[in-house]
There are 2 protein chains.
Amino acid sequence: MSSPAQRRTTIKDVAELAGVGVATVSRVLSGGSASAETRERVLDAATKLDYRPSALGRNLRQQRSGGIALLVPDITDNFYARLADGVLSCARSYREPVTIGVTGDDPEQEADLVGALLEQSMDRVIAVPSGDGEMWAPALRAGLSVVFADRRVWRDPVPGQQRVLDEVPAVLADDRAGVRTAVEYLTGLGHRKIGFLARHGQTQRTRAFRTAMGELLDEELVVPARASRDSAYAAASGLFQRRPDITAVLTGDNMLGEAAVLAARELDVRIPRDLSLVMFDDVPWAELCAPPLTVVAQPAQDIGYRAAELVMRQGRRPKTVMLPTQLIVRGSCGPRR
Amino acid sequence: MSSPAQRRTTIKDVAELAGVGVATVSRVLSGGSASAETRERVLDAATKLDYRPSALGRNLRQQRSGGIALLVPDITDNFYARLADGVLSCARSYREPVTIGVTGDDPEQEADLVGALLEQSMDRVIAVPSGDGEMWAPALRAGLSVVFADRRVWRDPVPGQQRVLDEVPAVLADDRAGVRTAVEYLTGLGHRKIGFLARHGQTQRTRAFRTAMGELLDEELVVPARASRDSAYAAASGLFQRRPDITAVLTGDNMLGEAAVLAARELDVRIPRDLSLVMFDDVPWAELCAPPLTVVAQPAQDIGYRAAELVMRQGRRPKTVMLPTQLIVRGSCGPRR
DNA sequence: GTGAAAGCGCTAACAG
DNA sequence: CTGTTAGCGCTTTCAC
């Protein structure tokens with residue numbers, strides 16, 4: 001049997017040992033004013049007792065639990081893992097714990113998680129949002145400060161609330177430029193029938209694709225997928241079978257890219273001979289793939305880091321941050337044959 | 001400017017509206033005994049006010065913040081991401097928030113993080129441990145219930161503490177069997193000079209490799225790497241250059257596998273013609289690789305899920321759980337040439 | 001079955 | 001500059 005946990009050292013113990021009041025201890029420890037001598041006595045006592053202020057007491061008093069919450073669609077997706085890593089790395093420098101929730105890109109689950117956060121009195125959230133304005137507006141009103149990462153929320157149909165959501169700062173990759181660069185690269189190679197595989201949530205990228213394609217756009221080649229791997233595969237496979245005339249495809253994220261490679265292989269579509277492929281997001285395996293994949297790289301870790309910075313400095317009304325993407329040409333694209 | 005956050009509804013409000021005392025509300029809401037009529041009145045009031053009990057108050061009162069903490073070496077490593085996903089998925093069914101910390105496989109950072117947990121009064125931790133017994137024993141004494149995942153802690157040199165650490169339940173992949181199967185597969189193909197790339201932390205696997213190799217073991221072919229990608233690459237590249245006579249290699253995790261593929265390509269070592277490769281952990285890209293990688297699959301998500309179950313039911317003295325691995329043969333191994 | 005009251009550890013307001 | 005005190009929201013004795 002394990003021994004019973006001993007009672008925690010409290011601020012009272014420190015005060016007693018130092019021969020001062022508890023308020024003084026609190027002040028000294030949080031950098032308030034105190035005479036040099038008092039300060040030393042307090043610090044001494046605290047060290048001697050190995051005193052660790054209880055976050056519980058502080059949190060209750062301040063009516064807010066510290067820490068920052070992070071909501072991502074899927075933590076096993078390397079992109080979100082890197083994003084999370086960035087958040088974690090920034091949060092560490094503030095000594096703030098990070099609570100992670102997985103939404104599965106499902107507004108309902110997201111709403112659930114936000115509810116849980118409120119229950120915990122968390123007041124800082126970084127989210128890759130799945131829900132729309134209707135779901136985030138109440139959270140905002142409840143007083144938590146939100147930063148969106150990777151995506152922002154769709155414009156809300158209700159006029160009055162649109163303003164609210166525009167107030168939510170966001171850290172985004174420059175989807176417009178990324179998509180445009182990729183499309184230009186592909187058209188430069190002679191491709192005309194270019195497919196686009198994207199998640200339902202990737203509104204910005206889808207829109208950017210439509211714009212970038214201009215005259216060339218064929219709505220039938222723009223195919224949406226749900227959040228799962230299976231759905232990604234189904235979308236890719238479906239597109240390739242339905243429209244064997246396409247010569248290039250751009251995918252909105254790395255799991256769709258993976259699905260495209262798999263589906264192509266299954267259908268005996270050769271990359272890049274029969275089909276050129278550009279994938280959004282440069283994951284480590286893109287280079288190991290056969291052929292190595294041409295990608296639109298995104299600074300995932302940076303996105304997370306910057307988002308964490310923003311959510312920590314809620315004071316200085318921060319604007320939306322847009323981070324650049326980069327086309328990395330490897331071996332998955334060829335000229336139209 | 002955003003509107004000021006309105007005051008939270010407290011238990012007092014509910015009590016007032018229901019015309020009962022706060023104690024009664026508390027009891028009803030936590031499933032205690034109450035007359036049917038009272039219960040209904042309370043529930044009604046709670047619903048009407050949309051009352052959410054504050055975790056802050058409860059936590060302080062109970063001297064423990066709920067939730068479970070998860071410590072992994074690297075969240076961008078797909079294996080740990082899947083493990084985390086398993087934890088998250090189990091924790092959700094208990095409605096417990098999960099706080100994630102990244103240790104970088106560094107005992108010092110790990111100790112830091114545990115300190116932070118204690119400060120937060122977290123009392124449930126799932127850890128992929130980097131530190132040794134000396135670091136975990138105090139945490140245990142401080143009263144938190146720990147479950148190890150993926151690895152357990154090295155036997156402690158101090159005799160008295162060994163027992164303590166054996167009391168920590170652990171959820172592990174069956175490294176012994178996994179390594180043995182892989183080695184037998186390789187020797188079955190005729191390989192004799194087999195290299196092993198492993199992290200410092202992968203003691204069990206390294207030990208298993210030595211055992212499995214028996215007579216064939218060449219200590220020079222067992223090479224350790226630190227946690228980083230760079231270190232993994234250096235280890236692989238170094239081994240291949242130093243000992244071009246090896247014909248097969250087993251890697252202790254997926255990042256080492258990735259490094260091996262990259263290093264081999266760089267040195268113009270062909271897989272599987274010149275070198276057979278078996279990688280621990282079946283990541284999604286293993287199939288996309290050229291050639292597709294033969295792997296020892298581990299139930300990462302299950303490991304996380306089971307660990308979370310254990311840490312939630314600290315009551316029923318749980319034993320260590322060992323989960324099976326599976327050799328998945330793909331295209332990265334060939335006969336010794 | 002129910003209510004009154006104590007108190008978890010801390011910080012902020014106030015008085016000295 | 002420093003100590004006293006109130007009280008954050010909740011659960012848990014302890015009377016009734």
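Residue numbering restarts at 1 for every chain, and letters A, B, ... go by the order of the sequence lines. What you see below is based on every heavy atom in this structure, not just the backbone, and it leaves out hydrogens, waters and symmetry mates.
As judged by a 4.0 angstrom heavy-atom cut-off over every strand, Ser26(B) is placed among the base-contacting residues. Residue Leu60(B) is classed as a base contact, given a heavy-atom separation below 4.0 Å to a base. At a threshold of 4.0 angstrom between heavy atoms, the contacts of Gly21(B) are confined to the sugar-phosphate backbone, with no base atom among them.
Each of Gly57(B) and Ser30(A) lies near DNA chain C, and the nucleotide nearest Gly57(B) is the one positioned closer to the 5' end. With DNA chain D read from its 5' end, the first of the two nearest nucleotides for Ser54(B) and Ala34(A) is the one closest to Ala34(A).
Note: Leu117(A) CG to Leu113(A) CG = 6.5 Å, rounded to the nearest 0.5 Å. Interatomic distance, OG1 of Thr9(B) versus CZ of Arg52(B), reported as 9.5 Å (0.5 Å rounding). Between the CD1 atom in Ile100(A) and the OH atom in Tyr80(A) there is a gap of 13.5 Å [rounded to 0.5 Å].
A straight line from CD1 of Ile11(A) to C1' of dT11(C) spans 8 Å, rounded to a whole angstrom. Computed from coordinates, the Arg39(A) CZ to dG3(D) C1' distance equals 17 Å when rounded to whole Å. Between the CG atom of Asn59(A) and the P atom of dG7(D) there is a distance of 21 Å, given to the nearest Å. Here the P atom of nucleotide dC1(D) and the CD atom of Glu40(A) are 16 Å apart, to the nearest Å. Taking atom CG of residue Leu56(A) and atom C1' of nucleotide dG7(C), one finds them 14 Å apart after rounding to whole Å. In this entry the distance linking CG of Leu118(B) with P of dG9(C) reads 15 Å, nearest Å. As rounded to whole Å, 15 Å separates atom C1' of dG9(C) from atom CD of Gln62(B). Going from atom NZ of Lys12(A) over to atom P of dT11(C) covers 15 Å, rounded to whole Å.
Residue Arg61(B) places its side chain closer to dA6(C) than to any other of dG9(C), dA5(C), dA6(C). Closest to the side chain of Val20(A), out of dC10(C), dT11(D), dG3(D), is dG3(D). Nearest to the side chain of Ser33(A), among dG9(C), dT2(D), dC1(D), sits dC1(D). Distances were taken from every side-chain heavy atom of Ala23(B) (C-beta onward) to each of dG3(C), dT4(D), dT11(D); the shortest belongs to dG3(C).
Donor-acceptor pairing under 3.5 Å, judged by distance alone, is present between the side chain of Arg27(A) and the base of dG3(D).
Under 4.0 angstrom from either OP1 or OP2 of dT2(D) there lies at least one side-chain N or O belonging to Thr38(A). Between Arg58(B) and dG9(D), a side-chain N or O to OP1/OP2 separation shorter than 4.0 Å is absent. Remark: Thr24(B) is in phosphate contact with dG3(C), judged by side-chain N or O atoms under 4.0 Å from OP1 or OP2. Close to dT2(C), at under 4.0 Å from its OP1 or OP2, lies a side-chain N or O of Ser35(B).
Of the charged side-chain nitrogens involved, none lies within less than 4.0 Å of a carboxylate oxygen, so that Asp77(A) and Arg82(A) do not count as a salt-bridged pair.
Across Ile68(A) and Ala308(A), no two heavy atoms sit closer than the pair CD1-CB, 4.4 Å.
Remark: the backbone N or O of Leu83(A) is not paired with any side-chain donor or acceptor of Gln301(A) at under 3.5 angstrom.
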